[in-house]
Each structure stands twice: as C-alpha cells, then as structure tokens.
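Read through the structure below, which is laid out as structure tokens, and then see the notes.
Here is how names work: the chains are called A, B, and so on, in the same order as the sequence lines, proteins then strands, and each is numbered from 1.
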2 protein chains.
Amino acid sequence: MKTDGRLARMLHVLVHMGLLDGRETSERIALMLNTNPVVVRRTLGALRDHGIVESEGGRGGGWKLTRSLDQVTVLDVQRALTAGTILTTPVSRDHPSCPVERAANSVLEEAYAAAEKQLIAKYGVTTLAQIAEHAKARRWQRPRRETDSGHNDDGA
Amino acid sequence: MKTDGRLARMLHVLVHMGLLDGRETSERIALMLNTNPVVVRRTLGALRDHGIVESEGGRGGGWKLTRSLDQVTVLDVQRALTAGTILTTPVSRDHPSCPVERAANSVLEEAYAAAEKQLIAKYGVTTLAQIAEHAKARRWQRPRRETDSGHNDDGA
DNA sequence: TGATATCGTAACAATGCGTGTTACGGATAA
DNA sequence: TTATCCGTAACACGCATTGTTACGATATCA
C-alpha cells in the first residue's frame, strides 16, 4: 500500500525552516525534500490555509513559519493536510444491508477508532520543537563528516 | 487513500461460511461478496495457505472452514492476508541521512507502532463467532422484511 | 519602466496496488 | 467422458499521491 508521505515531508521541512529561521523559496525547499517546487507549493499551500506558514510572492518572496517550533504540534500539521480521519478503516461495502458484513465492519471500525484516538493523542502532544531536539541529539551522537549543512543529500 | 478491503471481505464471508457450515464454491462466495470467482479464489487462497480454510477441486468441490468460528480470530485472518505490519507508517525517504527527516520519521514510527499494537490486541481477542453473534443481535433488532436469506443484495 | 524572481494553479503523465476479467490447464466426481 | 471447480497467468481499471511543464500574477530592484 502506497502511503501518503505529505505529513512526514511537512514535519521534516517545517523543522528545517524553524531552525533556519528565514524565508525559504519553494525551490530551496524542494531540494530539502528531493522533489520539485510545484509539489512544495501545493503542499505548503494547505498549511498556509491553516495559518501554519505564510507565503509571499515576487522577488525576495518565499515561505516562513508563522509561529515558533514549540507552538506547532504534529496534529496541527496533520489537520492542515487532511480534514477527516487519519486512518482509513478497511470496511467492505459489498452488501451494505447484510447484517454479517455490518457486524464485521463494526469490529474494524471500533478497532480503528481506538487506534486513531491513540495516534491523535500522540500527535497532539508532540511539537516540532521536540523533533528538532531529537534531531540535534542524533547529530551529537554521530560526529559530523565533511561539510555539514543541515540537510545533506545521500549520494542518490 | 484507497483501502485494502480484503480483511473485511474475508471476515464477512468466513462468518457466512461458518453459519452455512458446508462447502461453498467460489462462484457462490463471489455472489456474497458482490465480485467474481477469481478474486475469491485469489484471496481465499491466502487463507488456505495459513490453514484457515481448505479447498477441493473438481465436481462437488469448493471451500470450507477448517475450524469453528470461535477458533478463528480477526488477527488470524489479518496475518494470513499480509505478513508484515498492518498499518503503513507514512515516513519520508527523501534524504535518509538527514537527522531532521529521521527525527520526524521516528515520531511517526513510534505513534504508529503504538496504534498498531492496539489494533493487534483487539484483533487477537475478537473471534469470528463474536462477529456472528453481533450479526444475529442486529437481525433481531430489525424485524425481517421479505425473504430473509442470510445475505441479501441491496438493489445495486 | 523593464528585468527578474517567486508564488498560484491548471493540466497531464507516472506510479503503485488492490480489484475486475478473460482464458485456460488440472483435478475430481457422476 | 463430461460437467464442475480450483489454480494461475495475463492484462485492464480505478483511484490517490507524486512528478512535470507551462503560464499568469505579483513584488522587488536597477
């Protein structure tokens, strides 16, 4: 199953933006995410609509966080990306009036509701600042090699 | 995101098979699942490989449960369908050596691991017999209409 | 004013994976 | 020997994210 990589990408890049603390163009951000500027504008656009970042056009324009890293939770980003539920319950709709199918679906729905509740709880208490701290801790554990410029490409 | 409907379908049809308690052909099962026989054979084949059902070819052949409904859990079915994890953690792999990306991924992995643990716990204690009971209870709450033959089509 | 840098967005191809279909070979019972 | 059924290959389809190209709008700088 192909997963939706937007949340991970946004967490990644928002932390970078917070650490760099400046206005970044979609071009530079695309390099961080190993993709192209249009994808960046498309996805960051959703975050802008929810007040997490702001964008400015024209020369010298780009993207900037509207709050500090400790004031944005993973849940904020998730909600900005998709309105509804996070997990999609794998129900069947082959015979919607069949009591057996409904009973089977019920079990799955309950299980997924509980799982998602747990996800949301975790997302709600995790800030981007914590991710940044986590990243710094990792960096210290492994001494830097060559030029260490925040994000490095992986010889891909 | 398009979900994998196999688990729900298998739960649905296994309960029917347990209640009917006979050998069912992929053709008849396909009608229950509103699909075609090849899809049924394909999916039930995975369950057969894990000892949940058995199949027999030739005239009078078909599919049958190898155990009673109270001896098959939702987890058994899930495991038969997919070997690895149930949920797919939505990590990014844009710059695998970037500490920020790794830190973001870590958060997601932990959250999903906890959510999946909960799912598994629920799946492990839920048997097909319980689903069958649930279905009966529903049936009783709503008086039957017309001919009630286990599974009815939905005028689709 | 004109050149340049950036965003905003439409349009369309590529990708991945479960699903749907057709086809055909093998096996089993009447 | 014939009628069923399973087993499996092969290929098209649906659907959502991602990738790409293109072009218009806007803001800055000389």
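- Screening A:L128, A:I52, A:L33 against A:M10 for a side-chain contact (heavy atoms from CB on, under 4.5 Å) leaves a single residue, A:L33.
- B:Q71 CD: more than 12 foreign heavy atoms inside a 6.0 Å radius.
- Put simply, CZ on B:R23 is 12 Å from C1' on D:dC6, counting in whole angstrom units.
- One interatomic measurement links the two molecules: CG of A:L44 to C1' of C:dT6, which rounds to 13 Å at whole-angstrom precision.
- Looking at B:Q78 and B:T82, their side chains do bring a donor and an acceptor atom within 3.5 Å of each other.
- Considering only residues two or more places apart in sequence or on other chains, A:R6 meets the side chain to side chain donor-acceptor pair (under 3.5 Å) condition with A:D4.
- For the pair B:E54/B:L65, no side-chain contact is recorded, criterion being any heavy-atom separation below 4.5 Å from C-beta on.
- Environment of CZ in A:R67: crowded, with over 12 heavy atoms of neighbouring residues, nucleotides or ligands closer than 6.0 Å.
- With respect to B:R23 and B:E56, a salt bridge is recorded, a charged nitrogen being found less than 4.0 Å from a carboxylate O.
- Distance, B:E27 CD to D:dG7 C1': 16 Å, rounded to whole Å.
- Contacts with DNA chain D (heavy atom under 4.0 Å) in residues 75-83 of chain A: none are found.
- Where B:E24 and A:G60 each meet DNA chain D at their nearest nucleotide, the meeting point lying more 5' is that of B:E24.
- Separating the OH atom in B:Y112 from the OG1 atom in A:T3 is a distance of 8.5 Å, to the nearest 0.5 Å.
- Put simply, the side chain of A:E101 gets close to the backbone of A:H95: a donor and an acceptor are under 3.5 Å apart.
- Between A:N36 and the phosphate of D:dT20, there is a side-chain N or O to OP1/OP2 separation shorter than 4.0 Å.
- As rounded to whole Å, 15 Å separates atom P of D:dA27 from atom CZ of A:R59.
- No chain of hydrophobic side-chain contacts below 4.5 Å, direct or via other Ile, Leu, Val, Met, Phe, Trp or Tyr residues, connects B:M32 to A:V91.
- Residue pairs that meet the side-chain hydrogen bond (donor to acceptor under 3.5 Å, both in side chains) test with at least one member in residues 38-50 of chain A, sequence neighbours left out, are A:S26-A:R41, A:R48-A:S55.
- The phosphate of D:dC5 has neither OP1 nor OP2 within less than 4.0 Å of any side-chain N or O from B:S26.
- Residue A:D94 contributes atom CG, which lies 13 Å from atom C1' of C:dG18 at whole-angstrom precision.
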Which string of ( ) [ ] | and . matches DNA chain D, if you list each base 5' to 3' and count Watson-Crick or G-U pairs only when both distances are under 3.5 Å?
||||||||||||||||||||||||||||||
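- Under 4.0 angstrom from either OP1 or OP2 of C:dT19 there lies at least one side-chain N or O belonging to B:R6.
- If you measure from atom CG of A:L47 to atom P of C:dC7, you get 14 Å, rounded to the nearest angstrom.
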Dump the pairs, protein N or O against N or O of nucleotides 8-10 of chain C, anything under 3.5 Å, distances to one decimal.
{"residue": "C:dG8", "atom": "OP1", "partner": "A:R48", "partner atom": "NH1", "Å": "2.6"}
{"residue": "C:dG8", "atom": "OP1", "partner": "A:S55", "partner atom": "OG", "Å": "3.0"}
{"residue": "C:dG8", "atom": "OP2", "partner": "A:R48", "partner atom": "NH1", "Å": "2.9"}
{"residue": "C:dG8", "atom": "N7", "partner": "A:R41", "partner atom": "NE", "Å": "3.0"}
{"residue": "C:dG8", "atom": "O6", "partner": "A:R41", "partner atom": "NH2", "Å": "3.2"}
{"residue": "C:dT9", "atom": "O4", "partner": "A:R41", "partner atom": "NH2", "Å": "3.4"}

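- Atom CG in B:D4 sits roughly 6 Å away from atom C1' in C:dG18 (whole-Å rounding).
- When rounded to the nearest whole Å, the span between CG of A:L33 and P of D:dT18 equals 11 Å.
- Side-chain nitrogen and oxygen atoms of A:R9 include at least one within less than 4.0 Å of the OP1 or OP2 phosphate oxygen of D:dG19.
- Under the rule for a salt bridge (Lys or Arg N to Asp or Glu O under 4.0 Å), A:E116 has no partner lying at least two apart in sequence or in another chain.
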